[in-house]
Amino acid sequence: MEKMWAGRTSGDVSKIADDFNSSIHFDKKMYKQDIRGSLEHALMLSTVGIISREEYLKIADGLTSVLRDIESGELTIDESAEDIHMFVEAELTRRIGDAGKKLHTARSRNDQVALDLRLYMRERCLAVRGLLISLIEAIKDKAYEGRELVMPGYTHLQRAQPITFAHHLLAYCMMLMRDVGRLDDALLRLNVSPLGSCALAGTTYPTNRDMVAAGLGFDGIMMNSIDGVSDRDYCVELEAAFALIMMHLSRFSEEIILWSSWEFKFVELDDAYTTGSSIMPQKKNPDMAELVRGKTGRVYGDLMATLTVLKGLPLAYNKDMQEDKEAIFDATETVEKCLEVFIPMIATMRPLGENMYNAACRGFINATDLADYLTKRGLPFRTAYKTVGQIVADCIAAGKTLEEVPLSKYREYSEIFDDDLYGEISLRACVEKRISRGGTGYASVNEQLGYVENFLKENKI
Ligand code: ARG
């Protein structure tokens, strides 16, 4: 294909260099955005009188037919074109002749690619946002089911204090709600139009940048043309937001992997989201959760790649920036795929309440409550802590739980102990008594459920 930019140079680039330079095999994803941007640009050119109405109508017709034919499969994107922008323009000119050659007036590929990527990522960002909302809803529903299920809460992966399954799951809702906030925040800065920045310095034509921006659904225009073609902050912001989403999914995956092991058996994943082993017939492996955990590394890598590409780039456009796309496409595709499998995996996950309860019965997770029992009856907390520490040590030696120690024995440790201690250290009581806001008590968990439900109501798409 003859180079459109053959001018000063012959355009005869070596095959190796041409392939190396070409981006069409990944930027062809943006054909729709490219055509949409060109349609608005052409409309503006004719409105301000840079091209005639007839030329605009020809261009609009031509672009619409190119779009239609790509969508229907009639037109295959020719990968020998350098990039999607060149391909669309060449195809347009092939179809409508000279009018097509006017499309690129008062525009450069530098602002064109900046525009296309913003339009593309705006859509992807909203798609990820929608998936996040669905996941929050699925987790919230699971939490609602698990309001009465008592399980051990952990610190250092050691049993620490009793909590409800609902309380634990709601922690993930809070994380993912912050992720939605980060996407919304990134969108504010993404949603301004770079088109009209041209190569870097603007143009001598009487363009109307605001008109194009409004037509494409932007909140405004980028105020500096050099920044307009150089800025990829929104890519970094989105990748950082995606990296955090992945980190949250990865932590959740790790727990699901642990919980579905024989050692825990707190949940059972639906067969549809597990695999078997080719040699061990008894196996049921949580591959989806493992893959999500594994793919987190890719998204972190995409963020690092983009930051590193941008570091040290002089203003304005440099070809290095072509590297932005593969990274951010990979990041968004990975996040989307992970969320798509995570949502039904959570929705079909079965909590095994009895196993959770049995695990909570072991490990002295009511020891804090036993210390609180003494404290509330006058003993200073540190003294109570010491006394209970001794009781726990003796129980471990005797192979007993705190509930199994008779009152007469308790009295040897402290005169304060009375009959009512057993009620106070029952696991249900331990949970019920944690009435502080945000805590694991039933009222608090209901408040948290309401908080998430409210968020979902306000953010329903
Ligand atoms: N394929 C290029 C990219 O993705 C388009 C912009 C090319 N601009 C240029 N001056 N060579 O960045």
Side-chain angles (χ1 to χ4, degrees), residues 1-38 41 66 70 77-93 101 103-124 190 193-203 212 222 224-236 238-239 302 305-333:
M1 202 183 249
E2 198 206 320
K3 296 290 178 211
M4 275 188 202
W5 43 255
R8 172 186 164 173
T9 65
S10 66
D12 295 335
V13 178
S14 92
K15 169 94 176 78
I16 292 177
D18 205 34
D19 288 347
F20 186 66
N21 194 40
S22 158
S23 55
I24 195 154
H25 66 280
F26 51 84
D27 65 23
K28 65 181 176 188
K29 278 188 206 306
M30 307 191 300
Y31 70 87
K32 226 185 287 169
Q33 290 73 18
D34 194 73
I35 291 172
R36 189 170 168 215
S38 287
H41 178 66
V66 172
I70 295 176
I77 295 174
D78 176 5
E79 298 222 357
S80 70
E82 189 176 312
D83 56 30
I84 190 64
H85 327 295
M86 296 289 211
F87 172 77
V88 171
E89 193 185 325
E91 180 60 26
L92 175 70
T93 304
K101 296 183 184 167
L103 173 63
H104 210 51
T105 314
R107 185 176 80 172
S108 147
R109 266 190 302 157
N110 297 349
D111 58 342
Q112 192 179 355
V113 72
L115 174 79
D116 292 3
L117 190 55
R118 277 176 196 263
L119 289 174
Y120 187 85
M121 286 316 300
R122 186 171 69 185
E123 268 178 45
R124 295 328 322 147
L190 175 153
S193 172
L195 204 75
S197 297
C198 304
L200 80 162
T203 180
V212 180
M222 297 196 70
N224 178 302
S225 61
I226 299 173
D227 183 46
V229 291
S230 310
D231 173 43
R232 296 292 185 275
D233 291 1
Y234 67 95
C235 294
V236 174
L238 284 178
E239 283 162 346
D302 294 327
T306 307
L307 278 170
T308 312
V309 165
L310 295 173
K311 170 188 172 297
L313 282 191
L315 299 178
Y317 178 82
N318 301 269
K319 194 61 174 256
D320 314 45
M321 289 159 84
Q322 182 165 287
E323 291 290 311
D324 58 2
K325 281 173 276 306
E326 280 167 294
I328 199 152
F329 292 166
D330 180 69
T332 190
E333 276 156 29

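For ligands, and for the atoms within them, numbers begin at 1 and follow the listed sequence.
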*side-chain contact (heavy atoms from CB on, under 4.5 Å) involving Ile226 - partner list, sequence neighbours excluded*: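 So Ile226 forms a side-chain contact (heavy atoms from CB on, under 4.5 Å) with Asn224, Ser230, Leu315, Ala316.
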
*Hey, are the side chains of Leu310 and Leu313 touching, using non-hydrogen atoms and a 4.5 Å cut-off?*
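Counting from C-beta outward, Leu310 and Leu313 do come under 4.5 Å.
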
*So among Asp111, Asp227, Asn110, which one has a side chain to side chain contact (heavy atoms under 4.5 Å, CB included) with Ser197?*
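With Ser197 as partner, side chain to side chain contact (heavy atoms under 4.5 Å, CB included) holds for just one option, Asp111.
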
_Within a 6.0 Å radius of atom NZ on Lys319, are there more than 12 heavy atoms belonging to other residues, nucleotides or ligands?_
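Check passes, neighbour count above 12.
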
Between the protein and ligand 1, are there any N or O atom pairs that come within less than 3.5 Å of each other, and if so, what are their names and distances?
{"unit_1": "ligand 1", "atom_1": "1 (N)", "unit_2": "Ser23", "atom_2": "OG", "d": "3.1"}
{"unit_1": "ligand 1", "atom_1": "1 (N)", "unit_2": "Asp83", "atom_2": "OD2", "d": "3.2"}
{"unit_1": "ligand 1", "atom_1": "1 (N)", "unit_2": "Gln322", "atom_2": "OE1", "d": "2.8"}
{"unit_1": "ligand 1", "atom_1": "4 (O)", "unit_2": "Lys325", "atom_2": "NZ", "d": "2.7"}
{"unit_1": "ligand 1", "atom_1": "8 (N)", "unit_2": "Asn110", "atom_2": "OD1", "d": "3.0"}
{"unit_1": "ligand 1", "atom_1": "10 (N)", "unit_2": "Asn110", "atom_2": "OD1", "d": "3.0"}
{"unit_1": "ligand 1", "atom_1": "12 (O)", "unit_2": "Tyr317", "atom_2": "OH", "d": "2.4"}

*Carefully, step by step, assess Tyr120 and Phe329 under the rule ring-ring contact (aromatic ring centres under 6.0 Å, His included).*
CA-CA 10 Å; Tyr120 187 85; Phe329 292 166; 5.0 Å; yes

_If you compare all heavy atoms of Arg118 against all heavy atoms of Leu190, which two are closest, and at what distance to 0.1 Å?_
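Closest pair (atom of Arg118, atom of Leu190, distance): NH1-O, 2.9 Å.
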
